[in-house]
Colleague: 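Before we start, here is the structure in question, set down as structure tokens.
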Amino acid sequence: MRIATWNVNSVRSRMPRLLPWLDQRKPDVVCLQETKLDNDSFTELLADELAGRGYEFAHHGEGRWNGVALVSRAGLDDVVLGLPGEPGFPDPEARAVSATCDGLRVTSVYVPNGRTPDDPHYQYKLTWLGALREAAAGDAERAVICGDMNIAPTDADVWDPAVFVDSTHVTPPERAALAELTKLGLHDVVRDRWPDERVFSYWDYRAGRFHQDLGMRIDLILAAEPVAGRVAAAWIDRQARKGTAPSDHAPVIVDLDEAPDGNIGPMVPPPSNPKRRPGHPT
DNA sequence: ATGGCCGTTTGAAACGGA
């Protein structure tokens, strides 16, 4: 099963990239963030396109900002919009949607940005991450949390740590909040697969940052231990950041082998070709 | 090495993003 997550930075403006990407990568489950649409508009825009490709969807939107979706052709059961007890600013925003897909409890999240450490949005971000932890703790054996975490887990996940001193996305409290998720047994599957590689998922539109590979890795797939044990491949789809009118984020993709009761034997590592590896800058 | 881009609401320019 292939699961992907992508902050599309407006699904309406990204349609010319999203639909061909679905046909090219053929994910079974897609987590979208920053759809920037209300639910009726998302349905009007995408319902037919997705149904024609065999997908169901659940969208949690509010219009101008935020907005998250789950798109699946591996089942979409027990959909929940938002997080239990989630904080708002002041009202809850459209930042999480969960569903059960082929036995996995998948959540698409768009963690609050935080703006600056002295901004009220920063505390909101930390509180929101606490609610995410509580939700994940209830599904620690089958959780797959995908999305834009707006946190770079380590200094290796930013192009120049010196630039980000005193900025959000790298502060110890944010990283500690993220570590609370890994303490539940959730694995950062891309970093596990590429422990020493320079792998980014976001590049600022400005100043040719993408072409110089000056980015950050803030879009993550966090998988519960039994799920992480099924990972056959995990990579960042830099191709989707190239070309005309891309999002400033690239999709993150994980391929899972069959669940153990599928009985296909031990995990086989993906092919290793040092000259051309998925997720490696090209 | 965040003035420099992009998308949104708007109907020229402010705001958010990371």
Side-chain angles (χ1 to χ4, degrees), chain A residues 5-18 32-42 44-46 59 61-69 88-96 108-126 128-129 146-175 177-178 190 198-220 236 238 240-252 281:
Chain A
T5 182
W6 195 5
N7 180 326
V8 291
N9 186 19
S10 168
V11 72
R12 186 188 299 284
S13 66
R14 214 60 59 215
M15 287 290 277
R17 299 299 301 260
L18 176 62
L32 299 174
Q33 300 88 37
E34 285 207 85
T35 61
K36 297 186 176 179
L37 292 176
D38 60 44
N39 291 337
D40 287 346
S41 299
F42 186 94
E44 183 180 0
L45 183 69
L46 269 164
H59 182 255
E62 60 189 49
R64 179 176 185 179
W65 303 116
N66 311 312
V68 287
F89 198 87
D91 298 319
E93 300 174 313
R95 295 185 176 277
S108 174
V109 301
Y110 177 47
V111 174
N113 173 296
R115 300 189 181 178
T116 61
D118 59 358
D119 192 291
H121 280 89
Y122 180 81
Q123 191 58 49
Y124 168 46
K125 180 180 194 174
L126 295 179
W128 197 93
L129 286 162
C146 306
D148 180 352
M149 304 293 166
N150 270 320
I151 301 170
T154 75
D155 282 353
D157 299 304
V158 298
W159 54 273
D160 183 356
V163 172
F164 294 91
V165 171
D166 296 328
S167 299
T168 55
H169 298 65
V170 303
T171 66
E174 291 166 86
R175 286 176 170 170
L178 186 60
V190 166
R198 181 182 174 95
V199 278
F200 298 139
S201 66
Y202 161 85
W203 301 260
D204 196 301
Y205 283 123
R206 291 170 288 191
R209 288 279 162 75
F210 175 70
H211 301 286
Q212 302 168 76
D213 197 29
L214 305 180
M216 309 174 77
R217 193 175 68 93
I218 55 176
D219 301 272
L220 308 180
I236 294 173
R238 294 181 83 259
R241 183 62 177 79
K242 300 179 181 179
T244 304
S247 170
D248 43 1
H249 297 251
V252 185

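What you see below is based on every heavy atom in this structure, not just the backbone, and it leaves out hydrogens, waters and symmetry mates.
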Colleague: Can you tell me if Arg115(A) touches the phosphate of dG17(B), counting only side-chain N or O atoms and a distance under 4.0 Å to OP1 or OP2?
Modeller: yes

Colleague: For a quick test of reading the model: is some side-chain N or O of Tyr110(A) closer than 4.0 Å to OP1 or OP2 of dG16(B)?
Modeller: no

Colleague: Taking only the C1' atom of each, what is the distance from dG4(B) to dG17(B) in whole angstrom?
Modeller: 16 Å

Colleague: Under 4.0 Å between any heavy atoms, over every strand shown, what does Asn7(A) touch: base, sugar-phosphate, or nothing? Just pick one.
Modeller: sugar-phosphate

Colleague: Is a salt bridge present between Arg175(A) and Asp155(A), judged by a nitrogen-to-oxygen distance below 4.0 Å?
Modeller: yes

Colleague: Which part of the nucleic acid, if any, lies within reach of Arg217(A) when heavy atoms closer than 4.0 Å are counted: base, sugar-phosphate only, or nothing?
Modeller: nothing

Colleague: Kindly indicate whether the side chain of Asn113(A) and the base of dA18(B) share any N or O donor-acceptor pair separated by less than 3.5 Å?
Modeller: yes

Colleague: Closest to the Ile218(A) side chain: dA18(B), dG17(B), dA1(B)?
Modeller: dA18(B)

Colleague: Atom CD of Glu34(A) to atom P of dG16(B): distance rounded to whole Å?
Modeller: 13 Å

Colleague: His169(A) or Ser13(A): which one's nearest nucleotide on DNA chain B is closer to the 5' end?
Modeller: Ser13(A)

Colleague: Is His249(A) touching bases, backbone alone, or none of the nucleic acid, heavy atoms closer than 4.0 Å?
Modeller: sugar-phosphate

Colleague: Below the 4.0 Å mark, does dT8(B) have OP1 or OP2 next to a side-chain nitrogen or oxygen of Ser10(A)?
Modeller: yes

Colleague: What is the distance, rounded to the nearest whole Å, between atom CH2 of Trp159(A) and atom P of dA18(B)?
Modeller: 16 Å

Colleague: Measure from CG on Leu214(A) to P on dG4(B) and round the result to the nearest Å.
Modeller: 16 Å

Colleague: Would Lys125(A) and His121(A) count as a side chain to side chain contact (heavy atoms under 4.5 Å, CB included) here? Give the steps.
Modeller: CA-CA 6 Å; Lys125(A) 180 180 194 174; His121(A) 280 89; over 6 Å; no

Colleague: Can you confirm whether the side chains of Glu34(A) and Asn9(A) place a donor and an acceptor under 3.5 Å from each other?
Modeller: no

Colleague: Starting at NE2 of His121(A) and ending at C1' of dG17(B), how long is that distance when rounded to a whole Å?
Modeller: 11 Å

Colleague: As a test of reading the structure: which of dG17(B), dA18(B), dC6(B) is closest to the side chain of Arg14(A), going by heavy atoms?
Modeller: dC6(B)

Colleague: Give the rounded distance in Å between these two atoms: CH2 of Trp65(A) and C1' of dG16(B).
Modeller: 4 Å

Colleague: Nearest-Å distance, NZ (Lys125(A)) to C1' (dA18(B))?
Modeller: 8 Å

Colleague: Is there a side-chain contact between Arg238(A) and Phe200(A), using heavy atoms and a 4.5 Å cut-off?
Modeller: no

Colleague: Specify the separation, in whole Å, of atom CE of Met149(A) and atom P of dA18(B).
Modeller: 13 Å

Colleague: In whole Å, I'd like the distance from the CG atom of Asn9(A) to the C1' atom of dG16(B).
Modeller: 10 Å

Colleague: Taking 4.0 Å as the cut-off, does a side-chain nitrogen or oxygen of Arg206(A) come that near to OP1 or OP2 on dC5(B)?
Modeller: no

Colleague: Between dA14(B) and dT2(B), how many Å separate the two P atoms, rounded to a whole number?
Modeller: 23 Å

Colleague: Roughly how far, to the nearest 0.5 Å, is the NE2 atom of His169(A) from the CZ atom of Arg217(A)?
Modeller: 13.5 Å

Colleague: State, to 0.1 Å, how close Val111(A) and Asn150(A) come at their nearest heavy-atom pair, and which atoms those are.
Modeller: O-ND2, 2.8 Å

Colleague: Please report the distance separating the P of dT8(B) from the corresponding atom of dA18(B), rounded so that it comes out in whole Å.
Modeller: 14 Å

Colleague: Is any side-chain nitrogen or oxygen of Asn150(A) closer than 4.0 Å to OP1 or OP2 of dA18(B)?
Modeller: yes

Colleague: Would you say Asn66(A) places a side-chain N or O within less than 4.0 Å of OP1 or OP2 belonging to dG16(B)?
Modeller: no

Colleague: Quick check: any donor-acceptor pair below 3.5 Å linking the side-chain of Arg64(A) to the base of dT8(B)?
Modeller: yes

